[in-house]
Asks: 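Can you read through this structure? Questions will come right after.
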Amino acid sequence: MIKLKETDFGNVITEHKKWIDSLGRQGTRLSIDEIDFSETNISEKLFEQAYITGCSFDNINAKDISFYLAKLCASSFRNSNLENVDFTKADLSYVEFSNSKLYDINFNKCECIETNFAKAELTNVKMTDVLLDTVDLRDTKISNIDVSNSSLEAVLVKGMSLKNVIGLDKLIRVSINIGDVDKTIMLYGEDAIQWLESNSEQ
């Protein structure tokens with residue numbers, strides 16, 4: 001994995017912003033693969049509609065970022081602190097957020113297939129109209145979240161704690177695994193919602 005120098009990063013972000021502002025008539029759309037951003041300051045940067053696959057954002061502290069409509073497949077934000085980040089309509093499939101602290105995050109209309117939030121802390125989160133398919137939420141602490149109109153498919157929830165959850169009664173489809181990867185205990189529909197409600201504090 002290649003580490004990107006600050007000067008090179010500044011140049012590609014400038015070109016990407018030109019591409020966004022000009023609706024594609026100027027600049028160059030950001031398209032990167034397997035880049036290490038772990039020592040790069042990405043705060044207040046625009047990654048909107050970028051292709052960012054297999055990249056590492058591990059151990060970063062960042063805020064005020066837009067990943068709107070970005071493709072982040074197989075990238076990683078392990079052990080990171082993120083604040084006020086917009087992931088609206090982003091593809092977060094196979095992305096790692098394990099052991100991270102996520103505050104004031106917008107995940108609305110995201111696609112999350114096998115996304116890993118294990119042992120993360122999610123506070124003040126918007127997660128409406130989201131596909132959560134085989135997502136790992138084990139030992140995750142979640143507070144102040146709206147999940148209205150989202151779909152949960154085989155989501156791992158063992159050890160998860162919930163507080164102030166909105167929209168459990170508006171979930172589209174629900175199936176959760178209250179067991180583990182190697183010892184599956186599935187709940188579906190009303191049984192799954194009842195389990196989530198009983199494990200949620202208000």
Side-chain angles (χ1 to χ4, degrees), residues 63-202:
K63 62 180 182 179
D64 304 329
I65 308 165
S66 176
F67 286 105
Y68 174 79
L69 266 176
K71 189 177 183 67
L72 286 152
C73 296
S75 291
S76 173
F77 293 84
R78 293 184 188 92
N79 305 305
S80 294
N81 296 303
L82 300 179
E83 181 179 350
N84 190 32
V85 178
D86 185 9
F87 288 106
T88 301
K89 295 185 178 181
D91 188 346
L92 300 177
S93 297
Y94 313 104
V95 172
E96 285 273 351
F97 289 102
S98 53
N99 295 295
S100 288
K101 294 184 178 180
L102 311 175
Y103 185 80
D104 278 344
I105 309 295
N106 191 341
F107 289 111
N108 288 346
K109 298 184 178 180
C110 279
E111 183 170 288
C112 298
I113 299 174
E114 295 190 27
T115 308
N116 188 0
F117 291 98
K119 298 182 180 180
E121 295 181 20
L122 286 74
T123 307
N124 297 344
V125 176
K126 297 175 183 177
M127 199 173 268
T128 63
D129 296 286
V130 175
L131 171 62
L132 299 166
D133 189 340
T134 326
V135 167
D136 192 345
L137 293 175
R138 287 175 295 175
D139 299 310
T140 302
K141 296 179 181 179
I142 303 173
S143 58
N144 304 331
I145 183 173
D146 187 353
V147 294
S148 301
N149 303 314
S150 291
S151 296
L152 279 65
E153 303 283 351
V155 174
L156 284 155
V157 295
K158 185 178 180 180
M160 177 183 68
S161 66
L162 294 169
K163 186 175 182 180
N164 298 331
V165 181
I166 300 171
L168 288 176
D169 59 333
K170 297 178 181 177
L171 290 169
I172 305 300
R173 292 186 303 276
V174 193
S175 64
I176 58 175
N177 180 2
I178 62 173
D180 223 321
V181 175
D182 56 353
K183 192 175 181 181
T184 299
I185 304 173
M186 296 298 300
L187 296 177
Y188 300 90
E190 291 298 324
D191 290 336
I193 292 174
Q194 186 175 8
W195 186 95
L196 292 169
E197 289 176 339
S198 66
N199 285 275
S200 178
E201 299 178 28
Q202 296 300 323

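Not measured: the values here are computed from a predicted model.
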Asks: Would a 4.5 Å heavy-atom cut-off, applied to side chains only, mark Asn99 and Arg78 as touching?
Replies: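 Asn99 does not reach Arg78 side chain to side chain.
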
Asks: Does this structure show an ion pair linking Lys109 with Asp129, if we count only N-O contacts that are shorter than 4.0 Å?
Replies: no

Asks: Could you grab the distance from atom CD1 of Ile178 to atom CG of Leu187, nearest 0.5 Å is fine?
Replies: 4.5 Å

Asks: Where do Leu171 and Leu152 come nearest, in terms of heavy atoms and distance?
Replies: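 In this case the closest contact between Leu171 and Leu152 is CD2-CD1, 3.7 Å.
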
Asks: So, the side chain of Thr140 versus the backbone of Leu122: is there a donor-acceptor pair under 3.5 Å, distance only?
Replies: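 Answer holds: no.
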
Asks: How long is the straight-line distance from NZ of Lys71 back to NZ of Lys89, given to the nearest 0.5 Å?
Replies: 15.5 Å

Asks: Pick out which of Thr128, Asp86, Thr88 makes a side chain to side chain donor-acceptor pair (under 3.5 Å) with Asn108.
Replies: Thr128

Asks: Which heavy atom of Ile176 sits nearest a heavy atom of Trp195, and at what distance?
Replies: CD1-CE3, 3.6 Å

Asks: Parallel, tilted or perpendicular: which one describes the rings of Phe77 and Phe87, with boundaries at 30° and 60°?
Replies: perpendicular

Asks: For the residue pair Phe117 and Phe107, categorise the inter-ring angle as parallel (less than 30°), tilted (30 to 60°) or perpendicular (more than 60°).
Replies: perpendicular

Asks: Taking all non-hydrogen atoms of both residues, which atom of Gly167 and which atom of Ser148 are closest, and how far apart?
Replies: CA-OG, 3.5 Å

Asks: Between Met160 and Leu196, is there a side-chain heavy-atom distance shorter than 4.5 Å?
Replies: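 Yes; the side chains approach each other to less than 4.5 Å.
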
Asks: Is there side-chain contact between Glu83 and Asn81, with heavy atoms separated by less than 4.5 Å?
Replies: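 The answer is no; the side chains never approach within 4.5 Å.
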
Asks: Tell me, do Val147 and Leu168 make a side-chain contact under 4.5 Å, heavy atoms counted?
Replies: yes

Asks: Rounded to the nearest 0.5 Å, what separation is found between the CG atom of Asn106 and the CG atom of Asp146?
Replies: 10.5 Å

Asks: Quick check for you: to the nearest 0.5 Å, what is the distance between Glu121 atom CD and Ser100 atom OG?
Replies: 10.0 Å

Asks: Would the distance check show the side chain of Ser93 and the main-chain N or O of Cys112 forming a donor-acceptor pair, the cut-off being under 3.5 Å?
Replies: no

Asks: Is any side-chain heavy atom of Ile142 closer than 4.5 Å to one of Val125?
Replies: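 In short, these two side chains do not touch, never coming nearer than 4.5 Å.
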
Asks: Asp104 and Asn84: side-chain donor and acceptor closer than 3.5 Å?
Replies: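 Distance-only check fails for Asp104 and Asn84.
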
Asks: Under the side-chain hydrogen bond (donor to acceptor under 3.5 Å, both in side chains) rule, what pairs show up with a residue in residues 170-181, not counting sequence neighbours?
Replies: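 Listed once each, the pairs are Arg138-Asp180, Glu153-Arg173.
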
Asks: Distance check, rounded to the nearest 0.5 Å: Lys101 atom NZ versus Leu82 atom CG?
Replies: 12.5 Å

Asks: Could you measure the distance from the OG atom of Ser143 to the CG atom of Leu162? Nearest 0.5 Å is fine.
Replies: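 Ser143 OG to Leu162 CG: 9.5 Å, rounded to 0.5 Å.
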
